[in-house]
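Below: the structure, in structure tokens.
For the numbers below, each heavy atom of this structure counts, side chains included, while hydrogens, waters and symmetry mates do not.
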There are 2 protein chains.
Amino acid sequence: MNIKTLEDLFIHALSDVYSAEKQITRALPKMARAATDPELISAFQAHLEQTHGQIERIDKLVEVTENVKIKRMKCLAMEGLVEEGQEIIDEVEKGPVRDAGLIAAAQKVEHYEIATYGTLCALAGLLQYSEAKNLLAETLKEEKDTDIKLSKLATIKVNIAS
Amino acid sequence: MNIKTLEDLFIHALSDVYSAEKQITRALPKMARAATDPELISAFQAHLEQTHGQIERIDKLVEVTENVKIKRMKCLAMEGLVEEGQEIIDEVEKGPVRDAGLIAAAQKVEHYEIATYGTLCALAGLLQYSEAKNLLAETLKEEKDTDIKLSKLATIKVNIAS
């Protein structure tokens with residue numbers, strides 16, 4: 001029983017998403033290479049840049065928040081989500097159908113992050129980690145915006161391809 | 001290369017979420033037993049009932065949509081998400097902090113489903129599977145409502161516990 005307080009739960013969730021973000025930085029270049037549509041490729045590349053910024057934001061959060069340290073752990077759910085993206089690359093030939101599958105896989109990743117950063121924002125509010133809450137809210141907004149951008153891309157591109 | 005068309009991609013995503021829903025029906029009773037707050041327990045029980053209905057809805061979709069059959073597969077992402085919920089049960093003593101962790105785990109599950117049913121609805125629209133699209137939209141609405149319900153529970157209950 002290692003998690004006893006809401007502070008511990010916050011650290012657990014933060015460490016989980018830190019691992020998730022690291023895994024995403026390794027997956028996105030593969031997804032960009034596997035995609036065909038230039039707008040989708042540049043969306044993946046832009047999100048890779050953004051993800052690096054989100055990792056830096058977690059590092060900053062740890063710096064400014066007393067008693068918060070990242071634990072070394074592996075986000076199991078993100079491992080599964082990344083495998084699903086790889087499955088699409090393995091099972092679908094390069095082209096518009098694969099692009100549609102990659103968008104779907106990326107949106108699952110975004111929703112994982114939306115749920116996690118939503119929880120972290122709520123916990124930071126309760127724990128009165130005000131600077132941490134602001135940093136987390138910035139990332140949450142970016143993840144929601146990326147999800148909307150991907151939905152729009154899916155509607156336009158997959159519609160053309162069908 | 002088994003997925004060649006948008007129809008194939010639809011069947012792949014549908015089979016994935018069918019496996020996810022089955023896994024959820026096994027996880028929710030454990031989460032209900034592990035929770036303390038009566039409202040949270042009844043939210044998990046209510047969502048279990050709803051999940052059974054969602055599985056029946058997929059069965060109906062397959063019945064009414066030509067050439068759509070479920071493939072036997074295991075949703076890897078849901079496997080990871082369920083393991084994360086189990087981790088909370090293992091690492092946190094029964095009580096309000098565990099409840100907060102269970103809510104967070106459940107919201108990740110909801111977001112996985114929101115992303116997947118969102119994709120399925122979009123694909124069903126493009127493929128002109130109109131009855132399927134209506135069935136999927138019903139489930140999508142239920143998942144979004146459950147996520148909102150869990151957010152509210154987290155705000156009230158975790159606030160009291162902190």
Side-chain angles (χ1 to χ4, degrees), chain A residues 1-10 12-13 16 73 75-88 90-93 95-98 100-101 103-116 118-120 122-123 125-128 147 150-151 154-155 158-159 161-162, chain B residues 1-10 12-13 16 73 75-88 90-93 95-98 100-101 103-116 118-120 122-123 125-128 147 150-151 154-155 158-159 161-162:
Chain A
M1 299 285 174
N2 292 318
I3 302 169
K4 295 188 193 309
T5 63
L6 287 183
E7 287 84 349
D8 297 339
L9 192 65
F10 178 84
H12 181 81
D16 173 87
M73 62 184 278
C75 175
L76 298 170
M78 190 52 65
E79 209 168 25
L81 288 164
V82 167
E83 273 183 66
E84 281 197 16
Q86 187 57 49
E87 216 172 64
I88 291 295
D90 295 339
E91 298 278 331
V92 199
E93 213 168 305
V97 177
R98 186 198 274 179
I103 293 173
Q107 286 194 286
K108 289 179 184 185
V109 168
E110 287 317 301
H111 272 278
Y112 182 84
E113 297 191 282
I114 290 167
T116 308
T119 296
L120 281 167
L123 288 174
L126 288 169
L127 295 165
Q128 298 180 307
D147 180 55
L150 289 168
S151 283
T155 312
V158 183
N159 209 350
S162 71
Chain B
M1 300 284 173
N2 291 318
I3 303 169
K4 296 187 192 309
T5 64
L6 287 183
E7 287 84 347
D8 297 339
L9 192 65
F10 178 84
H12 181 81
D16 173 87
M73 61 185 278
C75 175
L76 297 171
M78 191 51 65
E79 211 168 24
L81 289 165
V82 167
E83 274 183 66
E84 280 197 15
Q86 188 56 50
E87 216 173 63
I88 292 294
D90 295 340
E91 299 278 331
V92 199
E93 214 167 304
V97 177
R98 186 196 273 179
I103 292 173
Q107 286 194 287
K108 288 180 185 186
V109 168
E110 286 317 302
H111 272 278
Y112 182 83
E113 297 191 282
I114 290 167
T116 308
T119 296
L120 281 166
L123 287 174
L126 288 169
L127 295 164
Q128 297 180 311
D147 180 56
L150 289 168
S151 283
T155 312
V158 183
N159 210 350
S162 70

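Expressed to the nearest 0.5 Å, how far CG of A:L81 lies from CE of B:M78 amounts to 9.0 Å. Note that the OG1 atom of B:T116 and the CD atom of A:Q107 stand 10.0 Å from one another [nearest 0.5 Å]. For the atom pair CZ of B:R98 and NZ of A:K4, the computed distance is 12.0 Å after rounding to the nearest 0.5 Å. Interatomic distance, B:E79 CD to A:E79 CD, rounded to the nearest 0.5 Å: 10.5 Å. Interatomic distance, B:T155 OG1 to A:L126 CG, rounded to the nearest 0.5 Å: 8.0 Å.
For the residue pair A:V97 and B:L6, the shortest heavy atom distance occurs at CG2-N, 4.0 Å.
With a 4.5 Å cut-off on non-hydrogen atoms, B:A122 does not touch chain A at all. Proximity to chain B (any heavy atom under 4.5 Å) is restricted, for A:L9, to the side chain, taken from C-beta onward.
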Pair A:K108-B:T119, side chain to side chain contact (heavy atoms under 4.5 Å, CB included): steps then yes or no: CA-CA 9 Å; A:K108 289 179 184 185; B:T119 296; over 6 Å; no
So A:D16 and B:E87, side chain to side chain contact (heavy atoms under 4.5 Å, CB included) or not? Walk me through it. CA-CA 12 Å; A:D16 173 87; B:E87 216 173 63; 5.7 Å; no
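Each of B:G95, B:A105, B:G118, B:A115 has some count of heavy-atom pairs under 4.5 Å with chain A, and the biggest count is that of B:A115.
Residues A:H111 and B:Y112 form no side-chain contact, since every pair of their non-hydrogen atoms from C-beta on lies 4.5 Å or further apart.
Scanning for side-chain contact (heavy atoms from CB on, under 4.5 Å) contacts around A:E7 gives A:T5, A:L127, A:Y129, with sequence neighbours left out.
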